[in-house]
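Have a look at this one before I ask anything.
Note that the structure is a prediction, hence the values are computed from the model and not measured.
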Amino acid sequence: MQSFSLTLARYLSSRIVSQIVGAVVAFLRPRLLSPELFGLWTLLRLITQYAIFADLGVRTALRVYYPLYIARQEHSQAHELVMVGILGSLFIDLLLGTLICIVALGWHWNEIERFGILAMALMIPLQGWHHSVFAVLKAQHRFDIIGKTNYLEAVLLFVSTIALLPPFGIYGLFGSLLTTQTLLNIFLTQSGDIKLRWPGHLTRSTLSMIGKGWHIMTLELAMVLVMTTDRFVVSTLLDTTSLGYYGVAIMIVSFLRNVPGTAREILEPRLMAEMADANLTNLLRLHCLQPVLNTAFLMPLLIGPVALATPLAIDWFLPSYEPSVLPTQVLACGVFFLALSIVLRSVIVALGKDRNAAAFIPAVVVTNVALAGAALYFGLGLAGVAFASGASFLMLFLLFWWILRRELAHAPLQDRDQLLWVLPVFAISCVLIALLHLLPINQGFLGTAVRVILFLALFLLLRWLACQRLTLISPLPWEKRGLQAEGQG
């Protein structure tokens, strides 16, 4: 059997490759589509993004309770859970897909819109099957198969996009998505050795799993609402062309959102496993205070280069999307607080406070809508919508922090005080980006390189000065090697 570290390394490398290829494909879409069609694509993709939650927590219950049954040697119940999880969620996805097909055929859409909605309706059960099998594989810790699937998805998506998008336009994009997902499902089913058997009392068992998994899934759904509200505001109050411009901002910033999400996917099971043994003080230090502070000092190293390089990247690769520049830069800065919120989310789930958090998040969504609407009313445009999203991410972070206030009171005062650096780090990063952007040098390759290098140098200097006072900051890889060399000397 492969070691855990080797399997983990392969899984992480597959995610990185998948994200890099996905970024290349993502740039091809707006380059070969008009802003209006890319805006329509961005809007239609929301259907599948929200359809992930159509199972109402069935897949979540499968992922959480399967290891428990295995640990108790209750293998028949574990197998029954797999069958109910896959078939129950598939039934729900098919029902939702059918309803969306009825809407597509019975409403007054133009040809492209109707075709796109039907394509998304077909994607729902295909995507649902993918996530169900992934839930089984994650519960069984078979990350080797998941890693291979990530590599295969990257190759299939790239090849099918190159083959279908140039000759068929947006229709080819829909075909690429459906072809990739179908082939992935065939590979997953065969590699995962999924053998289906109709379980007894499927409806009753599915409802039971919904009851077990719903409250865990609700918080994730609520966070997706916060992250996607801006797209609804732009499409409703403006038009699909504006959404196309804003979609490019979302596309460029998306990998910044994926960084803390990938880390959470790896570290959250470890947190849950340590809940039984670790005391609260150590738990908060290792899984809350330290990760939050380290994330606050790491994210600017990604955000700064993205924000400063955006004008050049759009000028080179997407010249017709120039209105996307400022919204991208603003949204990139706002992701800082989303990353911190994702760290706190894991602790909230582990401490059983997910229902409390989910209950307050609708207020964040409403505030986001109000701020975005006000920004458009006062003529701030897409940059104002991006600012509203960033403000909602800040509210989400403060909400999670407030929910954990009683638990955090158990942490030593000197540890809690170090978290006061979070807001100054964000403010300094934003000021640096703004000042470097205003430097009287050109926006070409050389000028952009100078800005990025200056930002990294100044921020690393700030980080080094902070490390002299803050004990919760972990050393960077090259700093670790230096410390080890000093220790050996």
### Task
Supply the atom-to-atom distance I170 CD1 to L37 CG, rounded to the nearest 0.5 angstrom.
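Here the rounded value is 5.0 Å.
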### Query
Using 30° and 60° as the class limits, which term best fits the ring planes of W401 and F397: parallel, tilted or perpendicular?
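Judged by the thresholds at 30° and 60°, the geometry between W401 and F397 is tilted.
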### Task
Return yes if a side-chain donor-acceptor contact under 3.5 Å exists between Y50 and T228, otherwise no.
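Yes, T228 and Y50 have a side-chain donor paired with an acceptor closer than 3.5 Å.
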### Query
Do the ring planes of Y321 and Y245 sit parallel (below 30°), tilted (30 to 60°) or perpendicular (above 60°)?
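Correct class here is perpendicular.
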### Query
What closest approach, in Å, do L423 and L394 show between heavy atoms, and which atom pair accounts for it?
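Looking at all heavy atoms of both residues, the shortest contact is CD2-CD1, 4.5 Å.
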### From CG (L439) to CG (L454), nearest 0.5 Å
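Spacing of CG (L439) from CG (L454) equals 7.0 Å.
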#### Entry: Check: C288 and L344 side chains under 4.5 Å, non-hydrogen atoms
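Heavy-atom side-chain distance check passes, below 4.5 Å.
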### Query
Which pair of non-hydrogen atoms, one from I314 and one from V248, has the smallest distance, and what is that distance?
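Shortest heavy-atom separation between I314 and V248 comes out as CD1-CG1, 4.4 Å.
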### Task
For the residue pair V103 and W109, establish whether any side-chain heavy-atom pair is separated by less than 4.5 Å.
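Counting from C-beta outward, V103 and W109 do come under 4.5 Å.
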### Query
Side-chain donor-acceptor pair under 3.5 Å between S176 and T161, yes or no?
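Yes, side-chain donor-acceptor contact under 3.5 Å.
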### Message
Counting neighbours of CZ on F387 that are heavy atoms of other residues, nucleotides or ligands and sit closer than 6.0 Å, is the number greater than 12?
### Response
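Open.
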### Query
Do you know the tightest heavy-atom contact between I361 and M223?
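Scanning both residues, the minimum pair turns out to be CD1-CG, 4.2 Å.
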### Query
Going through the distances and angles, do I100 and L96 end up as a side-chain contact (heavy atoms from CB on, under 4.5 Å)?
CA-CA 6 Å; I100 292 177; L96 177 61; 4.1 Å; yes
### Message
Quick one about T48 and R45 (side-chain donor to acceptor, distance below 3.5 Å, no hydrogens or angles considered), yes or no?
### Response
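On atom types as modelled, these side chains qualify, holding a pair under 3.5 Å.
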### Query
For I117 and A104, which heavy atoms make the closest approach, and how far apart are they?
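Result for this residue pair: CG2-CB, 3.5 Å.
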### Query
Any side-chain heavy atom of T471 within less than 4.5 Å of one from Q414?
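No; the side chains remain at least 4.5 Å from each other.
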### Task
Indicate yes or no: at least one non-hydrogen side-chain atom of L90 is less than 4.5 angstrom from one of S132.
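No, their side chains stay 4.5 Å or more apart.
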### Message
Between S392 and L371, is there a side-chain heavy-atom distance shorter than 4.5 Å?
### Response
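A side-chain contact under 4.5 Å is absent here.
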### Query
Got E407 and L351 here, is their nearest side-chain heavy-atom distance under 4.5 Å?
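In contact.
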### Message
Can you tell me how the ring of F426 sits relative to the ring of F336, calling it parallel under 30°, perpendicular over 60° and tilted otherwise?
### Response
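It falls in the tilted class, 30° to 60°.
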### Query
Just how far is it from atom CZ of F174 to atom CG of L178, taken to the nearest 0.5 Å?
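Answer rounded to 0.5 Å: 9.0 Å.
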### Query
Which atom pair, heavy atoms only, marks the closest approach of C333 to I433?
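Smallest heavy-atom distance, with atoms named: SG-CD1, 3.9 Å.
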#### Entry: Donor-acceptor contact present, side-chain R451 to main-chain L308, <3.5 Å
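Between the backbone of L308 and the side chain of R451 there is no qualifying donor-acceptor contact (under 3.5 Å).
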### Message
Can a donor-acceptor pair be found, under 3.5 Å and without considering hydrogens, that links the side chain of Q127 to the backbone of I124?
### Response
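No.
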### For P300 against V425, the heavy-atom pair lying closest together
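P300 and V425 have their closest heavy atoms at CG-CG1, 4.1 Å.
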